[in-house]
Amino acid sequence: MQLKPVCSNKPSSLLTELPSPGMDVASLTDDFRRYYNYTLGCDGDCLSTHYPYKALVLTLRDRLMERWKQSKYAARTRDCKHAYYLSLEFLMGRALSNTMLNLGITDDVSKSLYELGLELEDLADVEMDAGLGNGGLGRLAACFLDSCATLQLPVMGYGIRYEYGMFRQLLENGHQVEEPDHWLRDGNPWEIERPEHTKIIRFGGHSEYYQDAEGTTRVRWVDTHDVQAVPYDVPIPGYRNGVVNTLRLWRAAATDVFDLGEFNAGSYPESVAAKNAAENISMVLYPNDASENGKELRLRQQYFLASASLQDVLIRWVRSYGSDFSQFADKNSFQLNDTHPACAVAELMRLLMDEHGLGWDEAWKVTSNTIAYTNHTLLPEALERWSVRLFEQLLPRLLDIIYEINARFLAEVATRWPGDSDRLRRMSIIEEEPEPQVRMAFLAIVGSFSVNGVAALHSRLLVEGLFSDFHELWPHKFNNKTNGVTQRRWLAGCNPALAELMSENIGEQWKVDLQQLKKLVSCADDANFRAAWRAVKRLNKERLAALVKAECGVQFNIDAMFDVQVKRMHEYKRQLLNILHVIHLYDRIKQGDTGNWVSRCVIIGGKAAPGYVMAKLIIKLINNVAGVVNNDLQVGDLLKVVFLPNYSVSAMEIICPGTDLSEQISTAGKEASGTGNMKFMMNGAITIGTLDGANIEIREEVGAENFFLFGLAADEVEAGHNRYDPASIIAGDERFKRVMHLLESGHFSQFEPGLFEPVIQSVSSPDDPWMVAADFGSYVDAQQQAAKAYYDQGRWTRMSIFNTARSGKFSTDRTMQEYNAEIWKLEPVTVKDKK
Ligand code: 26Q
C-alpha cells in the first residue's frame, strides 16, 4: 500500500519552512505548556506523570526535527556514501536524558520544569526502556548509532519494531518468572510512522522462469503470501553537533489484498486470523542470546528485516540513479550484526536480478562489494543453521540463489585446492549431514568483503579455528574491531557527579575524545582529588544500595566492597563460579576465619533464556545462598548477597557507577568481547577477570597491577579438556572441598533435597566445558588480593582513578572510526547547529 501524496508538486516552502524552536528556558516552558494543555488535554485534574512526560518528549522532539531534516538534506545534496547497520536487535533503553544531553539542554529543561513545579527525574522514570535486544549485541548496536551521529557519519540503523521487547524478569520463591514487556502500551512519542515507505515482503510460493522482451531467461517469485513492512523512524541525535541520524524499525502488517481474498471467500473470521499471522512477525523479540535453532517465526523475522531494508535502500537508489548500479557499492555498505540478517546476501542478489534486471555476475559484484559481516560468538552451538527444508517452504527463491552462490563458490575452492573433497565438504554453505542445513556464517563470509570479530583474541581465534579455511582462501577479508561503549550514556549520562569532577579537572573534551581521560593519571597524586573521587563513589553506592533495598529488601553497608556481576545468565559466563566463592566466604565466616576481613556486598543479576534449565537453576541457587547468608546473624554486615531482578539498560545506569569490583570471569576463549567490562572500567571499578575477550585489552591498557587476573588462558582451556579431573582438584583444595560439602549436604536446599544435584554434577564432571573447578583456586586467590587492595582505601582509590583514566580506548567513537576507516569509508557530513 502506498499513501496518496499530499499534492503532486513539491510542497510549498510556506508549508515546510518554519523558524526553529528556541532552546532557551522560556521557549521550552511555552512549548511544554502548550503540549500539556492543548495536545494532551490536561487540566488541574490530571495527576498522572505520564502527561508531563509526554509533553516533555514532544517539546524535545520538536528540537530534534529541524536538525533531523537538515541532516537528511545535507547527506542528500552531497550525494555521499551511506552505511546501513542491519540488526535484529537495538537495545536502546531510555531516550529522554540522552536526548537532552546531546542537545545540550539538560540544565535548561530542568530549570523550566522546576518553575512548573515538576522534577525532571520523576518524568525520566516514566519512560519505558526500549528493550529491543537481549544483551551485548543489541546494546552495541545502540552505542554504535550514538557514536556515528556524534562523528557525523551518515549511518542508518535498520531493525524490527517488536511489540514486546525483552521479557520482564520476576522472582517467585527464587525462581525466574517471565512477564511480557508491552513497552508500546502507552504509545512511543519518539517514533514517527512513515506509511508512505511501506514495503511488501513475500513468503512461500515458488520460482517461475520466463523470457523477458529481449529473450533473456528471468525468474519471478509467484503464488506468495505477502506481508507489509511499515517503517517507524526514531531520531538519533549526535552530541551537540546538529546531526540527527535515523533508526528505522519495521512493523509487520497484513496486506489489504490478503484480507480481501479470504473475505470474498466468505470467511471473515479466518481473514482476521490471517491478519494475525502476518502481524506476528514483529510481535516479540526472541529472548535467547545463543541461537535457538529452527524456529520458523525467527527465520521470518530475519528475512522480513533484510528484505524491507534492502528494498528501502534500492528504491532510493533507483530514484537518483535509475537502473545503473555500477556505482552502488561505492555509495552503500551494509553491516550485518552477526548472521541474524544474513539472508540479505541472497535477498540483495534476488532484488538486483529479479526486480532490477541485472545479470548474475553484475549482481554478485555489487553484493559482495557492499556487504560486511560482524561475528559475535565463538561457541559452535551458537552458529546459525537453517534447515534446507524450512528455507524451501518459506523462501524458495532465496534457496535457489543460495545453491547457485554455493556452486560457484565451491568451484573456486576446487580450483584453488584440486581434489581436496574434504575441504569442499568443510567449506560448503550447505551442510549435508545429518540433515541438509544452510550455514549462515559461511553464507555471510562468502557474500562479504569484510569479516570482523569484536576483540583481538576473538578475531584471532576466529581465523585460527571456526573460519580458518576461509581465512586461508581470503586472508584480506578478515579483521578485528574491538568493541566499545558510548561515554555519553555510560559516563556523562549515568554518572553526573563523576563527570562534573572530571570536567572540573581536565575539561569537557573527554565527552567526544575519551583518550583525554589520560589526564586524570596525574590527578591521582592529589589527595584532595582522591578524596573527591571517593566521595563521588560513595554517593553512587548510596544510589545503588537504594535500588537493592527497593528490589531485594536487603540493606547494604556503604563501606563494604560492592562486588558486581550483571550480564545474561549463561554457563560460560560462570555466575556459578561467583556463587561458589560467596559460599567459600560464608564458610570462612562460620569458621571464624575473619582476621582483616573486608566486608562485601555481592550483586548478581541477569536474565536466563526461558528454556535454559541450567541457567535458571543457577538463579535459584544464588537466591537460596542469599537467603541463608543474609539471614545469618553471625554473618551480619561481613557479607551480603542479592540476585537483582530484571537487569536492564536503565538498571545498569545505576549499577555501574556504584560498583567497586567488576566480575568478568568467563571461561577463557568463550566471551567474544564483553562490553559491561568497559562500562565498569570507565566508571572506576576494578576488574577481576580471566584472559578472555576484551578483558585482555582492558588489562593491557590499565596495567597488570590494576587488574585482578586469574584462571586458565584460552589455549590452556583448549589443551586442558582431555586430562581434566575436577574430582582431584576438589579433593586437593580444602576450601573447595568444604564448599562442595555445603552444597551436597543440602545446606542451601533445606526444603528441596537434591535440588542442586545438576549443579554439583556439572562442577564435578570431567566433561564440564566451562571448567569451573579448574579456575576455582586461582579465583579465590585473586578475590583475596582484591580484598587486600580494598582494605587499603588509598591504594584502591588510585587503582580506581587509573581504570577510568585508561579506559579511553573503549569508546565506540574509536570503534566506529575504525569501522569507517577500514570498512565503510564514509565522509563525515557536517550540518550547522543553531545552538
Ligand atoms: C539467534 C537465533 C535465534 C534466536 C536468537 C539468536 C540470538 C540472539 C542474540 C543469538 C545471539 C544473540 C546475542 C549475542 C550476543 O549478545 N553476543 C555478545 O555480543 C557482544 C557484542 O559484540 C559481545 O561483547 C559478547 O561477548 C557476545 O556474547
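Since the model is a prediction, treat every value here as computed from it, not as a measurement.
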How close do T486 and T812 get, counting heavy atoms only, and between which atoms?
N-OG1, 3.3 Å
Using the salt bridge (Lys or Arg N to Asp or Glu O under 4.0 Å) rule, take R94 and D125 through it: C-alpha gap first, then chi angles, then the decisive distance, then the call.
CA-CA 9 Å; R94 289 172 172 162; D125 269 338; 3.3 Å; yes
E653 and K679 ion-paired at < 4.0 Å
no
Under-4.0 Å salt bridge between D525 and R798
yes
Identify whether the distance between the nearest side-chain nitrogen and carboxylate oxygen of R574 and D775 falls below 4.0 Å.
yes
Within the supplied structure, the quantity of interest is the number of heavy atoms (other residues, nucleotides, ligands) at a distance under 6.0 Å from E121 CD; does it exceed 12?
no
Pairing donors with acceptors under 3.5 angstrom, does anything connect the side chains of Q785 and D781?
no
For residues E663 and Q783, is any side-chain donor paired with an opposing acceptor at under 3.5 Å?
yes
Assess the side chains of R568 and N134: does a donor N or O sit below 3.5 Å from an acceptor N or O?
yes
Can a cation-pi geometry be assigned to K607 and Y647, taking NZ or CZ under 6.0 Å from the six-membered ring centre and within 45° of the ring axis?
no
So, Q565 and N578: side-chain donor and acceptor under 3.5 Å apart, yes or no?
yes
CG on N98 to CZ on R489, rounded to 0.5 Å:
4.5 Å
Got a sec, which residues hit ring pair (Phe, Tyr, Trp, His ring centres under 6.0 Å) with Y572, two or more places apart in sequence or on another chain?
H570
Flag side-chain contact, heavy atom, 4.5 Å: C601 against D563:
no
Can you tell me how far the SG atom of C143 sits from the CZ atom of F810, to the nearest 0.5 Å?
14.0 Å
Reported OG1-to-CZ distance for the pair T690 and F708, which is rounded to 0.5 angstrom:
15.0 Å
Taking atom types as modelled, find out whether S666 and D692 have a side-chain donor-acceptor pair closer than 3.5 angstrom.
yes
Which atom of C494 lies closest to which atom of R543, heavy atoms considered
O-NH2, 3.0 Å
Does any donor atom in the side chain of S503 or W510 lie under 3.5 Å from an acceptor atom in the other side chain?
yes
Atom CG of N683 and atom CH2 of W490: how far apart are they, to the nearest 0.5 Å?
9.0 Å
Is the closest basic N to carboxylate O distance between D660 and R600 below 4.0 Å?
no
Heavy-atom closest pair, residues W597 and L638:
NE1-O, 3.0 Å
Could you check whether atom NZ of K590 has more than 12 heavy atoms from other residues, nucleotides or ligands sitting under 6.0 Å from it?
yes
Contacts of F144 meeting ring pair (Phe, Tyr, Trp, His ring centres under 6.0 Å) (sequence neighbours excluded), chain-then-number -> Y85, Y819
Considering non-hydrogen atoms only, spot the tightest contact between D129 and S650 and give its length.
OD1-OG, 2.6 Å
Charged N-O contact under 4.0 Å between K573 and E671:
yes
Say whether Q509 and Q516, considering side chains only, have a donor N or O and an acceptor N or O under 3.5 Å apart.
no
With no hydrogens and no angle check, just 3.5 Å: does a side-chain donor-acceptor pair link T482 and N480?
yes
Residue that, paired with L644, satisfies side chain to side chain contact (heavy atoms under 4.5 Å, CB included) out of V554, L547, L171
L547
OG on S800 to OH on Y790, rounded to 0.5 Å:
10.0 Å
Test side-chain hydrogen bond (donor to acceptor under 3.5 Å, both in side chains) applied to N102 and N241, step by step
CA-CA 8 Å; N102 284 11; N241 62 4; over 6 Å; no
Is the shortest distance from a Lys or Arg side-chain nitrogen in K541 or D559 to a carboxylate oxygen in the other one below 4.0 Å?
no
Which of these passes side chain to side chain contact (heavy atoms under 4.5 Å, CB included) with S673: H458, H376, M678?
M678
Heavy-atom neighbours of E500 CD exceed 12 at 6.0 Å:
no
Closest heavy-atom pair, A130 versus W183, reported as atoms and distance to 0.1 Å, is CB-CZ3, 3.7 Å
Please give me the minimum heavy-atom distance between A714 and A668, naming the atom from each residue.
N-CB, 3.4 Å
Is it true that the side chains of Y239 and Q487 contain a donor and an acceptor less than 3.5 Å apart?
no
One should read off an interatomic distance between L517 CG and I801 CD1, to the nearest 0.5 angstrom, of 12.0 Å
Between E818 and R814, does any NZ, NE, NH1 or NH2 come within less than 4.0 Å of an OD or OE carboxylate oxygen?
yes
Side-chain H-bond candidate by donor/acceptor type, R530 with T797, under 3.5 Å:
no
Going by an N to O cut-off under 4.0 Å, is there a salt bridge joining D813 and R488?
yes
Donor + acceptor pair across side chains of N495, N540 (<3.5 Å):
yes
